[in-house]
Visitor: 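Can you read through this structure? Questions will come right after.
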Amino acid sequence: MAFYSTSSFRCSFALSHPKLQPLVSMSLSSKLPLHFSGNARFNRNHVHHYPTALRIRASNSSSSRSGTNLVLLSSTVTVTTAVANRVLYKLALVPMKEYPFFLAQFITFGYVVIYFSILYIRYRARIVTDEMMAIPKLRFVAIGLLEALGLVAGMSAGALLPGPVIPILNQTFLVWQLMFSTLLLRRKYTINQLVGCLLVASGVIVAITSGSNAGQMLSDVQFFWPALMIISCAFQALASVIKEYIFIDSATRLKHKSLDIFVVNSFGSGFQALFVFLSLPLLSKLKGIPFAELPSYFKSGAGCFLNLGAGKPGCDGAPLLPLLYIITNLAFNISLLNVVKTSSAVVASLLVMLSVPISVYILSLPLPYLPEGTSLSPFFLLGCGILLSGLLLYNTSRPVRSSSEVD
C-alpha cells in the first residue's frame, strides 16, 4: 500500500545494533480469521439456487476451500515479500546510505507512474471497467491526505525519539485499526481475537526491544513527540480501514463484482504523492536538507542510484540493490492490498507483524554487503513465541457473525 507507495518509509525500526535498523513497512479489522476468505463479504447476498440441497452444500464446500486456499496463498506471499522488503531495504541503504530521502521520494512518485501505467493497460484489456473507474474519488483524496499526514508526523517524531522506542509506539497501529474498524465498519470481535492481537503486538515489542532500555530513553523526551508518533499511526490505520471500506462498498456499487486493486493503488498513491509534494519543504527541513538545495541533492542521489561516474565513493551495490528493493517493495504493496481486499486490514497488519522478527533474524546473519553478524537475546525467541501464540489464537477464533450473513 502506497511501507505500503511511501508507507514503506513512514516508520523506522531502530534497534540497539546498527545492522538491525531496517525501515519497517506497514503500510498496513477483521471478524474473519486468517484462513477465511474475505471474498465471502462480497458474495453473501449473491446466492445461486440449485435443485437440491446436496448441490448447495457441495458448491459452498468447494467455494469455501477455494477461498481458504486463496487467502492462505496471498498471506504466504505477503509475509514473504514483507520479509524480503525489509531485508532488501537495509541492503539498498548500503549504497544509498547518504540518500534515503531521495530513495523515499523516488519510490513515492515513481509508483504513481507504475500504478497508473498498469491501470491503463488493465483498462484497455477490459479488466478494469468504466464502473470501477467511476468509484467516488473523494475517498482516495482522504487516503492520500491521511498517509501524507502520517508520513510527516512520523518523520517529525522519529527525528527526536530514541530509535528503540519507535517500534514500540508503532504497535499502536493495530490498536487504532481495531478501533476504527469497529466504529466505521461496525466490525465485531471475539475476546480471543482481541487477546490474540494484543499478544501479537506484545510479541513484536519483546522481540525487537530485547536488551534495550527503551523506557528509560523516554525520560528526557517531551510527551508531545511520543504522542505525535502514536497519532501518525492513527492516520495510517484510518487510511487502511478506508481502503477496506472501499472494497466492501464497491461490492454493492459493482453488483458484487470485485474492485480491481490497481484502481485503489493508483488513485491512493496519486493523491498521496500530491500531498507529499505539497509538503516537500517541510519534509526536507525535517531531514536537514535546505529546500533550495533539494535539486542538487536529488541530482547527487540519482547519480549514486545509477552508480554513474568515478567520483561516487560508497555507492557500491547500486543500481542492483536499490532496484531489487523497489521491485520487492512494489510486490509487497500489491500483495498487502490484496490481503486487505480478500480478508481485512487487521489481518494484513498481523501478517506484517509476523514478518518483523523473521526479518530481524535474517538481518542478524552475515549477508552480502553486511558481512558482520549479530547475536540475538533469548528474549527474541520469547517474543517470537508470544507473537505466534497470538496469531494462532486470533486465527482459530470463530468470527462474530451477524444475522444478515449467509452461511
Side-chain angles (χ1 to χ4, degrees), residues 1-5 7-8 25-44 62-86 88 111 114-115 118-119 122 127-128 132 173-174 177 181 185 187 193 196-197 200 239-248 250-251 254 256-266 268-269 327-356 358-359 387-388 390-392 394-397 399:
M1 330 176 43
F3 211 62
Y4 315 67
S5 37
S7 316
S8 302
S25 52
M26 293 216 18
S27 203
L28 314 39
S29 316
S30 177
K31 56 188 174 184
L32 298 176
L34 293 176
H35 59 272
F36 282 93
S37 171
N39 278 335
R41 309 196 271 266
F42 304 139
N43 298 320
R44 282 174 184 141
S62 175
S63 176
S64 176
R65 285 196 299 270
S66 176
T68 298
N69 293 336
L70 175 62
V71 172
L72 286 175
L73 177 61
S74 63
S75 299
T76 302
V77 171
T78 299
V79 173
T80 303
T81 54
V83 172
N85 183 58
R86 290 188 177 87
L88 285 171
Y111 279 9
I114 294 173
Y115 284 139
I118 297 174
L119 180 63
R122 294 173 73 84
I127 298 174
V128 174
M132 293 180 187
F173 180 88
L174 180 59
Q177 275 192 327
S181 63
L185 303 180
R187 194 76 77 226
Q193 286 177 319
C197 287
V200 170
S240 69
V241 171
I242 292 176
K243 289 178 183 179
E244 184 181 354
Y245 173 78
I246 289 174
F247 284 119
I248 296 174
S250 66
L254 302 176
H256 308 288
K257 293 181 181 178
S258 181
L259 177 64
D260 192 87
I261 62 174
F262 285 98
V263 175
V264 179
N265 257 343
S266 300
S269 298
I327 293 171
T328 303
N329 185 257
L330 180 65
F332 167 66
N333 287 320
I334 293 172
S335 64
L336 191 65
L337 187 60
N338 186 59
V339 170
V340 174
K341 173 183 176 179
T342 59
S343 192
S344 76
V346 162
V347 169
S349 291
L350 292 174
L351 294 174
V352 170
M353 288 184 175
L354 174 61
S355 70
V356 173
I358 300 175
S359 305
L387 184 153
L388 291 175
L391 284 175
L392 181 63
Y394 183 92
N395 194 39
T396 55
S397 300

Visitor: If I compare all heavy atoms of V241 with all of Q177, which pair ends up nearest, and what's the gap?
Guide: CG2-O, 4.1 Å
Visitor: Answer whether the closest heavy-atom distance between the side chains of I127 and F262 falls below 4.5 Å.
Guide: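 When only atoms from C-beta onward are counted, F262 and I127 do not touch, as no gap falls below 4.5 Å.
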Visitor: Does any donor atom in the side chain of S181 or E244 lie under 3.5 Å from an acceptor atom in the other side chain?
Guide: no
Visitor: Measure across L174 and S349 and return the closest heavy-atom pair with its distance rounded to 0.1 Å.
Guide: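 Where L174 meets S349 most closely, the heavy atoms are CD1-CB, 4.1 Å.
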Visitor: From L336 CG over to K243 NZ, what is the distance, rounded to the nearest 0.5 angstrom?
Guide: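 Nearest 0.5 Å value for the CG-NZ distance: 8.0 Å.
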Visitor: Please name the pair of heavy atoms, one in A348 and one in V340, separated by the smallest distance, quoted to 0.1 Å.
Guide: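 In this case the closest contact between A348 and V340 is CB-CG2, 3.9 Å.
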Visitor: Name the one of V356, I358, T328 that satisfies side-chain contact (heavy atoms from CB on, under 4.5 Å) with R86?
Guide: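 Going through V356, I358, T328 one by one, the side-chain contact (heavy atoms from CB on, under 4.5 Å) with R86 is satisfied by V356 alone.
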Visitor: Return yes if some donor-acceptor pair links the side-chain N/O of N338 with the main-chain N/O of I334 below 3.5 Å, else return no.
Guide: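 Here the side-chain-to-backbone pair does not exist.
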Visitor: Checking V128 now: which residues fulfil side chain to side chain contact (heavy atoms under 4.5 Å, CB included) with it, not counting sequence neighbours?
Guide: L119, R122, Y123, M132, M133, D260, V263
Visitor: Closest approach of V71 and T342, non-hydrogen atoms and distance?
Guide: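 Looks like CG2-O, 4.2 Å.
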Visitor: Which atoms form the tightest heavy-atom contact between V200 and G390, and what is the distance?
Guide: CG2-C, 3.7 Å
Visitor: Of all residues at least two apart in sequence or in a different chain, which pass the side chain to side chain contact (heavy atoms under 4.5 Å, CB included) check with I114?
Guide: Y111, I118, L330
Visitor: Starting at CG of L351, measure out to OG of S74 and round the result to the nearest 0.5 Å.
Guide: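 Between L351 CG and S74 OG, I get 8.0 Å after rounding to 0.5 Å.
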Visitor: Does L354 reach the side chain of L388, with side-chain heavy atoms less than 4.5 Å apart?
Guide: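 A side-chain contact under 4.5 Å exists here.
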Visitor: Just jot down the side-chain hydrogen bond (donor to acceptor under 3.5 Å, both in side chains) partners of S266, sequence neighbours excluded, or say none.
Guide: none
Visitor: Looking at CG of L72 and OG1 of T76, how far apart are the two atoms once the value is rounded to the nearest 0.5 Å?
Guide: 6.5 Å
Visitor: Can you measure from CG (L392) to CG (L387) and round to the nearest 0.5 angstrom?
Guide: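 Reported value, rounded in 0.5 Å steps: 11.5 Å.
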Visitor: Can you list everything that forms a side-chain hydrogen bond (donor to acceptor under 3.5 Å, both in side chains) with T81? Sequence neighbours excluded, please.
Guide: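 side-chain hydrogen bond (donor to acceptor under 3.5 Å, both in side chains) check on T81 returns S335.
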Visitor: At their closest point, which heavy atom of K341 faces which heavy atom of I261, and how far apart are they?
Guide: CD-CG2, 3.5 Å
